[in-house]
Each structure stands twice: as C-alpha cells, then as structure tokens.
Amino acid sequence: MLHHLQAEWVISLFQSVLHSLDENFLHLHLLLVVLENNLTERHARALLRLEDQESRKRVIARVAANNLNVKQTEKLIEDIIAGREKAER
C-alpha cells in the first residue's frame, strides 16, 4: 500500500512539474515573439489577457503589421475577449 501511495505521489508531482514547465515555456515563447516584434512590456501584459497561445500569436502578428501602440492593442484585445472582433483580421 505504501509503495502504491508513493507511486501516485511521484506521478502527481511529475505531472505538476511538466505542467509548470509547459506554462513557463509558453511565457518564454511569448516573450521572444514580443521582443522579435519590438513590442513593449505593456503589450505583453495585454496579450496575457488572451487565454490561448494561438490567439496571442495572431494578435502579435496583427499588432506588428499595423504598428499598434499599447492603447490600440488593449482595445483590440478587449474587443476580441468581448467577441466584437476576431484575432485573425
């Protein structure tokens, strides 16, 4: 019984570590994309409001292509979250 509990604990710990690494990797990737597109920390903070990585990537491309400032980026993200606009445009 003790070995079974230890095995469950190790599996749970391993899954937690993997999840944490995955989240950190996504944040690191976002940071690199932000830097590559000459965006600011405030742009990056606004992007974190989006739930999925794909939406973030599409918005970053749109922000870079249209040279959006932080206020415009925040408005775009608010519109996307509210369903008034799609990230792909």
Mind checking what makes side-chain contact (heavy atoms from CB on, under 4.5 Å) contact with Arg42, not counting sequence neighbours?
->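 Arg42 satisfies side-chain contact (heavy atoms from CB on, under 4.5 Å) with Thr40, Arg45, Val70, Glu74 once adjacent residues are dropped.
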List for me each residue that meets side-chain contact (heavy atoms from CB on, under 4.5 Å) alongside Asn37, sequence neighbours excluded, and say none if there are none.
->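 If we apply the side-chain contact (heavy atoms from CB on, under 4.5 Å) test to Asn37, skipping adjacent residues, the hits are Val33, Leu39, Ile60, Ala64.
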Which atoms form the tightest heavy-atom contact between Val59 and Ile80, and what is the distance?
->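 Scanning both residues completely, I find the closest heavy atoms to be CG2-CD1, 3.5 Å.
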Return the minimal non-hydrogen interatomic distance between Gln72 and Asn67, and the atom names on each side.
->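 Taking every non-hydrogen atom into account, OE1-O, 4.2 Å.
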[X] [atom1] to [Y] [atom2] distance, which is reported to the nearest 0.5 Å:
X	Y	atom1	atom2	answer
Arg49	Leu47	CZ	CG	10.5 Å
Leu50	Ile77	CG	CD1	4.5 Å
Arg62	Leu76	CZ	CG	4.5 Å

Side-chain (His43) to main-chain (Val63) donor-acceptor, under 3.5 angstrom =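 Side chain of His43 to backbone of Val63, a donor-acceptor pair under 3.5 Å: no, none is there.
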Does some side-chain heavy atom of Arg56 sit less than 4.5 Å from a side-chain heavy atom of Leu48?
->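 Yes, at least one pair of side-chain atoms sits under 4.5 Å.
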Excluding sequence neighbours, so at least two apart, what forms side chain to side chain donor-acceptor pair (under 3.5 Å) with Asp52?
->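 Side chain to side chain donor-acceptor pair (under 3.5 Å) check on Asp52 returns Ser55.
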Is a salt bridge present between Glu54 and Lys57, judged by a nitrogen-to-oxygen distance below 4.0 Å?
->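 Looking at Glu54 and Lys57, the cut-off is met.
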